[in-house]
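Notes follow the structure.
Keep in mind that this is a model prediction, so the values were computed, not measured.
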Protein chains: 2
Amino acid sequence: MFILVNVCSALSSDLTAQAKIRNAAIAHFAHDGFQKTNLRAIAATAGVSAALIIRHFGSKDNLRSVCDDHVLQILVRRARTSAGPVGVQDLSREYLADPEEYGLHVRYMVRAIEEDSSAATTFVNTLVEETEGLFRTGIADGSMRPSSDVRALAVLNVLISLATLTMAPALTRALGYEQMGLDVLQRVGLPMLELYTHGMYVDDTMLKAARTAWEAQQGDHFQRKDIHHG
Amino acid sequence: MFILVNVCSALSSDLTAQAKIRNAAIAHFAHDGFQKTNLRAIAATAGVSAALIIRHFGSKDNLRSVCDDHVLQILVRRARTSAGPVGVQDLSREYLADPEEYGLHVRYMVRAIEEDSSAATTFVNTLVEETEGLFRTGIADGSMRPSSDVRALAVLNVLISLATLTMAPALTRALGYEQMGLDVLQRVGLPMLELYTHGMYVDDTMLKAARTAWEAQQGDHFQRKDIHHG
DNA sequence: CTTGGCGGTGAACACGTGTTTATTCTAGTA
DNA sequence: TACTAGAATAAACACGTGTTCACCGCCAAG
């Protein structure tokens, strides 16, 4: 229901059954996540039977990887071409600008990131790559400060941009709004830009302290127990 | 398996069955998420039968809410007492400092945030509140720059801190590391501190542009279609 | 007209999993 | 010892869901 009717425009016409299924699956995965959507719901949205999905895609997992590839291709192409001037919160701005198409794909990727699928890795890497390039040119032409670690800075920025999407509900509520919207985004975007232009500390006490502390720690950091992940 | 053996110390002793089940559930929910863990796995870790879980907690959902309350209580108390000087990446630092106990609870909360449970809202709100208070005193004593919107700045900071946790796998890989660890955290932490002390733009071109653009847009922003969420 | 491939379907199967039920074990008490 | 309340369990149940299977039009080729 809900937004699923919106994408009917993308599947009501004379598309092939495979495309209809794929689009319906993308919509459902983006809206409910991979695990929570069942094949019968996808089938209903696509106007086919559940058996046909298996016939065409073999399994639910394979359907997912096909959707991954499709969304990834679209988003990556879009990320490469539309290298905006800021490049930081483009993602969230475009997300709100065109909820029907772009928003669907971005939401799909957000879900993929949360579930840590392989497509998410490629997507994040592409974003980092583009951002890093943007930063390097910015530093070269003098519009940006030089950084000790451009790569890490790019990662940090992508992280922040994506975080506003993945944690949109919590963020929205924390600011007292009901629904994510342009107002919420501007409310967060302004401090973000302020942070980007002049930071939030008045001097470099913290920075120096951290630098010396970490340099001193370099000798024994390897004897720490590592932490397991996923 | 994996980290679950680590928490055996917390449940192998003479705890009551309810506590054993609760701890086992917290470990499993933190490690695999709510949906992917089944009652029989929790029962096995706790050394009891699946039926006993239902007997004591009524349902899986209720068990979840009990775990939510328990973890929330611990984390909130800890957040309130240990108001560190920086307050920004404390979370991730403590996360790595004590993976066995604190890390488990933080991971639990990260999962709760991803699944957007009600406990996550309370937790995020608490963090934002604490951070905002920290910022206001920092601004008052002159160690921090004044901000046009302290609340939003606090939200932004909590967002960034939590993002490094929720997207730890993607972040780690984007920097070319195998596993999250102190090295990764320092690699991101340094640019973060640099960003916090002097920003990354050399002038306020972007900031001014955004400000004027948004002010001009204030007249017609309400006629945009809103986006639906979750 | 028959035939064979192809897109498509409904019903059934297999299995994981939350929950229920009947039963057993255990400890405290008279 | 006998009894009872509650803790704990194994087995069964209910149900959702991915997948398989037998079958059905339909349409071009012979």
Side-chain angles (χ1 to χ4, degrees), chain A residues 1 4 8 10-69 108 111-112 115 117-119, chain B residues 1-2 4 8 11-69 108 111-112 115 117-119:
Chain A
M1 318 303 173
L4 299 183
C8 279
L11 53 81
S12 67
S13 49
D14 54 354
L15 287 175
T16 168
Q18 297 208 20
K20 280 197 288 188
I21 293 171
R22 177 175 37 81
N23 288 348
I26 289 173
H28 271 96
F29 291 158
H31 192 259
D32 301 323
F34 178 75
Q35 285 212 70
K36 279 190 177 175
T37 63
N38 57 346
L39 289 187
R40 284 164 179 83
I42 298 174
T45 304
V48 298
S49 68
L52 193 65
I53 298 178
I54 299 296
R55 176 180 180 79
H56 278 313
F57 295 92
S59 69
K60 190 187 176 188
D61 279 292
N62 195 54
L63 170 62
R64 178 218 192 96
S65 77
V66 169
C67 291
D68 278 359
D69 292 345
Y108 184 96
R111 278 258 134 83
E115 294 167 9
S117 87
S118 63
Chain B
M1 319 301 176
F2 297 106
L4 299 184
C8 279
L11 53 83
S12 65
S13 50
D14 54 354
L15 287 174
T16 169
Q18 296 205 21
K20 282 197 286 189
I21 293 171
R22 177 173 38 78
N23 289 348
I26 289 173
H28 271 96
F29 291 160
H31 191 258
D32 301 324
F34 178 75
Q35 286 213 67
K36 279 190 178 176
T37 64
N38 57 344
L39 288 187
R40 284 163 181 84
I42 297 174
T45 303
V48 297
S49 69
L52 192 64
I53 299 179
I54 298 297
R55 176 179 178 80
H56 279 311
F57 296 93
S59 69
K60 189 188 176 188
D61 279 293
N62 195 55
L63 171 61
R64 178 219 193 93
S65 78
V66 169
C67 291
D68 278 359
D69 291 345
Y108 184 97
R111 278 258 133 83
E115 294 167 8
S117 87
S118 64

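For A/Ala51, whose side chain is taken as the heavy atoms from C-beta onward, the closest listed nucleotide among D/dG18, D/dC21, D/dT9 is D/dC21. Counting only heavy atoms from C-beta on, B/Ser49 has its side chain closest to D/dA10 among C/dG18, C/dT9, D/dA10. The side chain of A/Asn38 approaches D/dT17 more closely than any other nucleotide in the set C/dG10, D/dT17, C/dT20. Counting only heavy atoms from C-beta on, B/Ala50 has its side chain closest to C/dT19 among D/dT17, C/dG18, C/dT19.
Checking side-chain atoms of B/His28 against main-chain N and O of B/Ala24 turns up a donor-acceptor pair under 3.5 Å. The backbone N or O of B/Ala30 lies less than 3.5 Å from a partner atom in the side chain of B/Arg111, making a donor-acceptor pair.
We find that CG of A/Leu52 is positioned 15 Å from C1' of D/dC23, with the value rounded to whole Å. If you take CG of B/Leu39 and P of D/dA12, they are 20 Å apart, rounded to a whole angstrom. Rounded to an integer number of Å, the gap from CZ of A/Phe57 to P of D/dT19 is 13 Å. As rounded to whole Å, 14 Å separates atom C1' of D/dG18 from atom CG of A/Asn62. A straight line from CD1 of A/Ile54 to P of C/dC6 spans 20 Å, rounded to a whole angstrom. Look at CD1 on B/Ile53: it is 17 Å from C1' on C/dT21, rounded to the nearest Å. Separating the NE2 atom of B/His28 from the C1' atom of C/dT17 is a distance of 14 Å, rounded to the nearest angstrom. As a whole-Å value, the separation of A/His56 NE2 from D/dG18 P is 18 Å.
Taking the side chain as every heavy atom from C-beta outward, A/Lys36 and B/Gln35 approach each other to under 4.5 Å.
For C/dG8, neither phosphate oxygen OP1 nor OP2 lies less than 4.0 angstrom from any side-chain nitrogen or oxygen of A/Arg55.
Nearest-nucleotide positions on DNA chain C for A/Arg40 and A/Val48 put A/Val48 closer to the 5' end.
Under the 4.0 Å criterion applied to side-chain N and carboxylate O atoms, A/Glu115 and A/Arg64 are assigned as salt-bridge partners.
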Walk me through it: do B/Leu39 and B/Ile54 pass the test side-chain contact (heavy atoms from CB on, under 4.5 Å)?
CA-CA 9 Å; B/Leu39 288 187; B/Ile54 298 297; 3.7 Å; yes

